[in-house]
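A short write-up of the structure that comes next.
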Number of protein chains: 2
Amino acid sequence: MARTFESCASCAIHAQAICALCDADEMHVLDEMKYFRSYPPGQTIVFAGDRLDFMASVVSGLATLSQDLHDGRRQTVGLLQPSDFIGRPGRPIARYDITAASEVLLCCFARRPFEKLIASTAHIGSRLLEMTLDELDAARDWMLVLGRKSAREKIASLLLILATRAAQNAGPPFSADVQIDLPLTREAMADHLGLTLETVSRQFSALRHDGVITLAGARHVTIADMARLRREAGDGLHI
Amino acid sequence: MARTFESCASCAIHAQAICALCDADEMHVLDEMKYFRSYPPGQTIVFAGDRLDFMASVVSGLATLSQDLHDGRRQTVGLLQPSDFIGRPGRPIARYDITAASEVLLCCFARRPFEKLIASTAHIGSRLLEMTLDELDAARDWMLVLGRKSAREKIASLLLILATRAAQNAGPPFSADVQIDLPLTREAMADHLGLTLETVSRQFSALRHDGVITLAGARHVTIADMARLRREAGDGLHI
DNA sequence: CGTGCCTTTGAGCCCACTCAATCCCAGTGG
DNA sequence: CCACTGGGATTGAGTGGGCTCAAAGGCACG
């Protein structure tokens with residue numbers, strides 16, 4: 001990836017990332033201390049309970065945050081998308097597994113110096129608080145999905161979130177139909193939705209049969225009518 | 001409540017609250033600006049979408065944070081217990097309903113001046129970040145309960161959390177059996193667990209029948225064997 | 001042309017839901 | 001003192017959505 005040598009000046013995620021509020025001087029400091037890492041799909045970035053000696057922003061790709069019961073049941077508790085932040089000041093031990101779902105590129109900072117920076121740079125500390133509050137809202141919104149929605153509504157909710165991000169990245173044209181390349185296997189989606197992979201597969205088939213989505217292969221989804229998808233998802237998603 | 005005139009010096013929640021890191025001068029400022037409010041059980045403190053012109057710490061009682069679908073399905077996304085904080089800097093509009101489950105006493109601060117204080121007082125800002133990170137972990141832990149646990153495990157998980165807090169408040173003696181006075185109706189528990197009230201009631205009966213708990217009336221629970229309860233809850237609760 | 005992973009589809013079962021009746025208990029008023 | 005009321009809790013009977021177990025299909029890779 002040529003991006004490894006990219007400088008902060010041309011960074012695609014800057015506007016939403018931890019450094020969004022930083023001024024030129026602060027950006028310069030970050031530019032100097034950052035380094036990149038990439039992970040292939042399926043690779044674990046950290047295991048829950050392990051030490052995490054860096055903090056990072058997701059630059060590209062998708063990673064999952066997940067938790068396991070001893071008998072193997074697994075729940076994904078968050079999706080890490082570009083600009084999302086990994087790591088917490090004062091807490092070097094990871095609470096959840098972090099796994100690359102697709103090829104993931106991280107913009108990393110060594111823990112110690114970055115913790116000092118958080119303490120000394122108000123722009124970083126307050127952006128971190130802001131991002132954490134957003135994550136908390138997202139987690140709480142997802143609790144409604146997990147606790148109260150049917151399998152069909154769950155699938156539609158996930159598609160709606162992914163489609164919304166895809167449409168934003170595709171730019172304002174907001175063209176007719178939205179296309180998504182699913183970065184998740186049926187099993188990974190099931191783990192995020194609190195379902196089994198068979199149920200996920202069946203609901204995809206049902207949504208296709210009912211004309212809500214079109215499938216090209218298992219992973220490429222086209223949504224002709226976003227309003228319809230929104231209705232299928234039920235309300236409660238603050239997007 | 002005589003507590004209305006209490007000063008910060010004798011506050012029971014100080015050590016865990018938003019003001020935990022403050023020095024004497026900072027405490028003096030807070031002492032001057034705080035005021036108390038109380039709410040009877042069942043009363044709504046804020047409705048989602050409404051303006052919330054104060055921020056507050058829960059001093060005593062239990063409040064719920066919840067979200068509704070248009071058809072009436074409801075999910076409680078958080079329990080507010082003593083020392084928990086209400087309100088977010090820069091976000092005067094409430095995202096969730098906040099409802100008093102039992103008699104609730106709040107220690108309030110007017111929004112504007114408190115926002116300034118957060119920005120200017122590092123001790124408050126960093127404590128808020130710390131508390132928000134804890135809430136995020138709690139929310140994510142609860143996602144595992146909602147998405148992957150059986151009804152019986154869900155009930156045991158809730159009891160475990162309430163019992164742990166009760167045991168802490170009861171002090172170190174850590175005596176034989178732990179007693180809880182449930183501040184929630186069967187329906188409120190169902191809304192927190194993603195179940196129906198009938199299922200909650202049935203699982204209480206089953207746990208009593210199997211000797212895991214003893215019931216005195218519907219709301220008073222005794223737990224003889226915490227280890228047993230912990231096993232019933234399954235793992236995944238970082239308590 | 002295997003091999004392995006992911007996905008789809010089928011058949012049957014079970015846990016939690018729905019609908020409904022009853023119980024309990026505190027409060028209120030005759 | 002009792003009757004009545006109403007909210008909460010319990011229990012029963014029956015249903016169904018999502019799970020389990022199982023088989024087969026698609027597709028990329030060596």
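Below, chain A is the first sequence line, B the second, and so on; all start at residue 1. Note that the structure is a prediction, hence the values are computed from the model and not measured.
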Sorted by chain and number, sequence neighbours left out, side-chain contact (heavy atoms from CB on, under 4.5 Å) with B:Ala63 holds for B:Ile45, B:Leu80, B:Ile98, B:Val104

Would you mind checking if B:Asp225 and B:Arg230 are paired as a salt bridge, meaning a charged N to carboxylate O distance below 4.0 Å? no

Once you round to the nearest 0.5 Å, how far does CG of B:Leu237 lie from CG of B:Leu144? 7.5 Å

Please examine the side chains of A:Arg88 and A:Thr132, heavy atoms only from C-beta on, and report whether any two atoms are closer than 4.5 Å. no

So, do A:Glu135 and B:Arg140 sit near enough that their side-chain heavy atoms are less than 4.5 Å apart? yes

Salt bridge flag under 4.0 Å for residues A:Arg95 and B:Asp141: yes

Quick test of your reading: applying side chain to side chain donor-acceptor pair (under 3.5 Å), list the pairs with at least one residue in residues 41-55 of chain A, sequence neighbours left out, ordered by first then second residue. A:Arg51-A:Asp53

For B:Ala163, give me all partners under side-chain contact (heavy atoms from CB on, under 4.5 Å), at least two apart in sequence or on another chain. B:Val178, B:Ile180, B:Ile223, B:Met226

Nearest-Å distance, CG (B:Leu207) to P (D:dT10)? 12 Å

Rounded interatomic separation in angstrom, taking CZ from B:Phe204 and P from D:dT10: 8 Å

How many angstroms lie between CG in B:Asp191 and CZ in B:Arg186, if you round to the nearest 0.5 Å? 14.0 Å

Provide, to the nearest angstrom, the distance between the CD atom belonging to B:Gln203 and the P atom belonging to C:dC15. 10 Å

Kindly give the atom pairs (protein nitrogen or oxygen, nucleotide nitrogen or oxygen) under 3.5 Å for nucleotides 5-7 of chain C.
from	atom 1	to	atom 2	distance (Å)
C:dT7	OP1	A:Arg219	NE	2.8
C:dT7	OP2	A:Arg186	N	2.7

Using the side-chain contact (heavy atoms from CB on, under 4.5 Å) criterion, which residues pair with A:Arg208? Sequence neighbours excluded. A:Ser205, A:Ile213, A:Leu215

Give me, pair by pair, the N or O atoms of the protein and of nucleotides 24-27 of chain D that are less than 3.5 Å apart, along with how far apart they are.
none

Just call it for B:Gly42: base, sugar-phosphate, or nothing, with non-hydrogen atoms closer than 4.0 Å on any strand. nothing

I'd like to check the side-chain contact (heavy atoms from CB on, under 4.5 Å) partners of B:Ser201; sequence neighbours left out, ordered by chain and number. none

Listing request: all ring-ring contact (aromatic ring centres under 6.0 Å, His included) pairs with a residue in residues 191-239 of chain A, at least two apart in sequence or in separate chains. A:Trp142-A:His192

Show each protein N/O and nucleotides 18-20 of chain C N/O combination with a separation under 3.5 Å, one pair to a line.
from	atom 1	to	atom 2	distance (Å)
C:dT18	O4	B:Arg202	NH2	3.0
C:dC19	N4	B:Glu198	OE2	3.2

Provide a list of protein-nucleic acid N or O atom pairs under 3.5 angstrom, restricted to nucleotides 25-27 of chain C.
none

Close residues, residues 143-161 of chain B, relative to DNA chain C [heavy-atom separation under 4.0 Å]: B:Ser150, B:Ala151

Counting neighbours of CD on A:Gln179 that are heavy atoms of other residues, nucleotides or ligands and sit closer than 6.0 Å, is the number greater than 12? yes

Report yes or no: do A:Gln67 and A:Arg74 form a side-chain donor-acceptor pair below 3.5 Å? no

Partners passing ring pair (Phe, Tyr, Trp, His ring centres under 6.0 Å) against A:Tyr39 (at least two apart in sequence or in another chain): none

